[in-house]
Amino acid sequence: MSPVGKILKKCLGDMSFNTGGGTINWYPGHMAAATRAINARLKLADLVIEVRDSRIPLSSANQDLQPRLSSKRRVIALNKKDLANPNIMHKWVDYFESCKQDCLPINAHSRSSVQKVCFIPLYY
């Protein structure tokens with residue numbers, strides 16, 4: 001075994017690959033459980049606050065939940081606005097508003113920022 005191989009084996013342990021060709025499930029169990037719990041609670045909800053990463057607002061949406069969320073009133077809270085590009089943030093807000101979707105950039109570490117979610121006017 002090469003020196004690099006020995007180092008990798010020491011750091012990573014003895015890794016084996018699925019030689020049988022069976023299916024590997026990459027979806028963690030805790031994610032599946034959370035999705036089931038959210039789906040159950042969505043039946044009771046009149047309003048949903050969907051928290052997304054403001055740096056990647058489209059790709060941070062949970063695609064499994066989008067069909068269920070489309071029938072609900074919702075506010076998209078774009079979290080981590082302090083880390084997002086301020087020159088682009090207003091364009092995302094404009095985009096969501098053009099889609100008749102309530103949207104608010106927030107920083108979850110700021111109490112005043114989070115309180116704005118409670119006071120956003122909802123479009124019907």
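No experiment lies behind these values; they were computed from the predicted model shown. Any value given below was found using the heavy atoms of this structure, including those in side chains, with hydrogens, waters and symmetry copies removed.
Through direct or indirect side-chain contacts shorter than 4.5 Å among Ile, Leu, Val, Met, Phe, Trp and Tyr, Ile38 is connected to Leu42, Val48, Leu65, Leu69.
Counting heavy atoms of neighbouring residues, nucleotides and ligands inside a 6.0 Å radius, atom NE2 of His109 does not exceed 12 of them.
Taking the side chain as every heavy atom from C-beta outward, Val93 and Pro105 approach each other to under 4.5 Å.
Taking both residues in full, the closest heavy atoms of Ser113 and Ile106 are given as OG-CA, 3.1 Å, listed atom of the first, atom of the second, then distance. Shortest non-hydrogen contact noted between Ala84 and Ser54 is CB-OG, 3.4 Å.
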### side-chain contact (heavy atoms from CB on, under 4.5 Å) evaluation trace for Met89 with Leu78
CA-CA 9 Å; Met89 179 58 58; Leu78 297 176; 4.0 Å; yes
Discussion item. Pair Phe96, Asp102 - check side-chain contact (heavy atoms from CB on, under 4.5 Å), show working.
Written reply: CA-CA 7 Å; Phe96 285 113; Asp102 296 308; over 6 Å; no
- Item | Glu50 vs Gln66, side-chain contact (heavy atoms from CB on, under 4.5 Å): CA-CA, chis, key distance, verdict | CA-CA 10 Å; Glu50 182 182 357; Gln66 292 308 308; 3.0 Å; yes
| Residues Arg74, Ile49; criterion side-chain contact (heavy atoms from CB on, under 4.5 Å); working and verdict | CA-CA 6 Å; Arg74 67 177 157 170; Ile49 299 173; over 6 Å; no
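Side-chain atoms of Asn107 do not come within 3.5 Å of backbone N or O of Asp82 as any donor-acceptor pair. Remark: the backbone N or O of Pro57 is paired with a side-chain donor or acceptor of Arg52 at under 3.5 angstrom.
One distance of note links CG of Asp64 with CZ of Arg36; it measures 12.0 Å at 0.5 Å rounding. Asp94 CG to Cys99 SG: the interatomic distance, rounded to the nearest 0.5 Å, is 11.0 Å. Atom NZ of residue Lys81 and atom OG of residue Ser110 lie 7.0 Å apart, to the nearest 0.5 angstrom. In this structure, CZ on Arg73 lies 7.0 Å from CG on Asp46, to the nearest 0.5 angstrom.
Residues that satisfy the side chain to side chain contact (heavy atoms under 4.5 Å, CB included) test with Asn85, not counting sequence neighbours, are Asn87, Ile88.
Follow the hydrophobic side-chain contacts under 4.5 Å out from Ile76 and you reach Leu58 in the same cluster.
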